[in-house]
Amino acid sequence: MDTPDADGLLAEQLLRLTRRVHRIQKRHLQSRGLGVTPAQSRLLRTLAHYGSPPRMADLAERLEVVPRAVTTLVDGLEASGKVRRVPDPTNRRVIRIELTEDGVRVLRELHGARREAAEDILEPLTDEQRAVLGGLLDTLVDGTPAPPDGVEAVRGPGRDC
């Protein structure tokens with residue numbers, strides 16, 4: 001009798017969890033009536049991490065998508081007043097993207113919606129299980145082995161994206 005492919009099962013579980021997270025986040029976004037899609041919310045969160053307005057190409061690279069996808073997302077967010085295109089102060093041929101006041105407000109709401117979604121997802125776990133999961137996820141995200149037992153990993157800023 002063949003034994004199940006453990007890595008294949010884990011991969012399937014991760015994919016199912018990802019889909020569940022997406023569904024729950026989408027539900028929380030819709031319940032708040034923010035008028036943004038999960039992809040637009042990701043762009044807004046990414047935009048907030050820049051010290052100065054980035055170019056669309058910078059956003060595409062950071063989001064790991066083709067520039068055309070960013071154009072579509074920015075078009076929608078600009079139409080709803082959450083971002084605006086602004087000329088680069090040193091090169092008028094370059095256009096940069098910045099958050100509007102409404103975009104900043106929506107970003108705060110998004111943070112709350114994501115927090116509520118995480119609470120829904122993590123609700124069945126104990127504090128100890130959450131700590132273990134956090135360490136495992138850090139290892140998977142960073143691609144480096146977890147620290148030895150008894151050594152706490154320090155979470156860096158920017159893990160919110």
Side-chain angles (χ1 to χ4, degrees), residues 11 13-125 127 129-131 133-144 152-161:
Q13 287 176 304
L14 286 171
L15 290 173
R16 287 175 44 217
L17 177 60
T18 301
R19 287 191 296 266
R20 182 169 183 246
V21 167
H22 182 79
R23 278 193 314 271
I24 290 171
Q25 284 183 341
K26 188 174 182 179
R27 186 179 76 230
H28 279 276
L29 286 175
Q30 289 172 339
S31 72
R32 288 180 177 246
L34 299 176
V36 295
T37 66
Q40 288 173 331
S41 73
R42 184 170 175 236
L43 187 137
L44 289 172
R45 290 190 320 271
T46 301
L47 190 54
H49 286 281
Y50 283 91
S52 60
R55 298 172 308 138
M56 293 237 243
D58 299 327
L59 287 168
E61 184 177 331
R62 173 96 42 109
L63 292 168
E64 298 179 348
V65 298
V66 296
R68 177 70 189 122
V70 171
T71 300
T72 301
L73 293 172
V74 168
D75 286 348
L77 289 167
E78 187 176 38
S80 65
K82 292 169 184 66
V83 302
R84 69 179 147 253
R85 289 172 166 91
V86 294
D88 183 285
T90 61
N91 183 347
R92 64 188 180 130
R93 293 175 296 174
V94 174
I95 298 297
R96 296 189 174 270
I97 309 303
E98 70 179 9
L99 287 167
T100 62
E101 284 185 34
D102 191 43
V104 172
R105 179 193 62 78
V106 167
L107 199 53
R108 282 193 301 270
E109 288 285 326
L110 287 171
H111 182 71
R114 286 170 49 90
R115 189 169 199 78
E116 289 172 4
E119 288 170 5
D120 284 358
I121 292 162
L122 298 173
E123 192 271 326
L125 300 179
D127 289 344
Q129 288 172 321
R130 289 175 189 214
L133 178 61
L136 293 170
L137 290 173
D138 279 345
T139 299
L140 293 174
V141 168
D142 297 339
T144 57
E152 279 192 42
V154 177
R155 287 180 182 246
R159 295 288 172 109
D160 194 331
C161 269

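Each residue takes its place number in the sequence, starting with 1. Keep in mind that what you see is a predicted model, and the values were worked out from it rather than measured.
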Fill in: Reported CZ-to-CZ distance for the pair Arg108 and Arg105, which is rounded to 0.5 angstrom
8.0 Å

Discussion item. Which residues pass the side chain to side chain donor-acceptor pair (under 3.5 Å) test with Arg85, not counting sequence neighbours?
Written reply: Asp75, Glu78

Practice prompt. Give the minimum heavy-atom separation between Leu125 and Arg130, together with the two atoms involved.
Written response: O-NE, 3.4 Å

Discussion item. Take a 6.0 Å sphere around CG of Asp127 and say whether it holds more than 12 heavy atoms from other residues, nucleotides or ligands.
Written reply: no

Item to complete: Taking atom CZ of Arg115 as the centre, report whether more than 12 heavy atoms of other residues, nucleotides or ligands fall under 6.0 Å from it.
Response: no

Discussion item. Side chains of Ile95 and Met56, heavy atoms from C-beta outward: is any pair under 4.5 Å?
Written reply: no

Worksheet, complete the sentence: For Val70 and Val65, the nearest pair of non-hydrogen atoms, with its separation, is CG2-CG2, 3.7 Å

Item to complete: Could you tell me which non-hydrogen atom of Tyr50 sits nearest to which non-hydrogen atom of Asp58, and how far apart they are?
Response: OH-O, 3.2 Å

Worksheet, complete the sentence: CZ (Arg32) and CD (Glu109) are apart, to the nearest 0.5 Å, by 5.0 Å

Practice prompt. Apply side chain to side chain contact (heavy atoms under 4.5 Å, CB included) to Leu17 and Gln13, showing your working.
Written response: CA-CA 6 Å; Leu17 177 60; Gln13 287 176 304; over 6 Å; no

Practice prompt. Any chance you could measure Leu63, atom CG, to Leu73, atom CG, to the nearest 0.5 Å?
Written response: 7.5 Å

Discussion item. Check this for me: Arg16, atom CZ, are more than 12 non-hydrogen atoms of other residues, nucleotides or ligands nearer than 6.0 Å?
Written reply: no

Discussion item. I need the Gln40 CD to Leu34 CG distance, nearest 0.5 Å.
Written reply: 11.0 Å

Worksheet entry | For the student: nearest non-hydrogen atoms of Ser80 and Asp102, plus distance | O-OD2, 3.9 Å

Worksheet item: Of all heavy-atom pairs between Leu99 and Leu44, which one has the smallest distance, and what is that distance?
Response: CD2-CD2, 3.5 Å

Worksheet item: If we ignore angles and hydrogens, is there a donor and acceptor under 3.5 Å between the side chains of Arg45 and Ser41?
Response: yes

Discussion item. How about CD on Glu61, more than 12 heavy atoms from neighbouring residues, nucleotides or ligands closer than 6.0 Å, or not?
Written reply: no

Practice prompt. Apply salt bridge (Lys or Arg N to Asp or Glu O under 4.0 Å) to Arg62 and list each qualifying residue two or more places apart in sequence or on a separate chain.
Written response: none

Practice prompt. Indicate the atoms forming the closest heavy-atom contact of Val36 with Leu29, along with that distance.
Written response: O-CD1, 4.1 Å

Worksheet item: What's the verdict on side chain to side chain donor-acceptor pair (under 3.5 Å) for Thr46 and Arg42, showing C-alpha distance, side-chain angles and the deciding distance?
Response: CA-CA 6 Å; Thr46 301; Arg42 184 170 175 236; 5.1 Å; no

Worksheet item: Distance from Asp120 atom CG to His28 atom NE2, nearest 0.5 Å?
Response: 3.5 Å

Worksheet item: If you measure from NZ on Lys26 to CD1 on Ile24, what distance do you get to the nearest 0.5 Å?
Response: 13.5 Å

Worksheet item: What residues form a salt bridge (Lys or Arg N to Asp or Glu O under 4.0 Å) with Arg23, not counting sequence neighbours?
Response: none

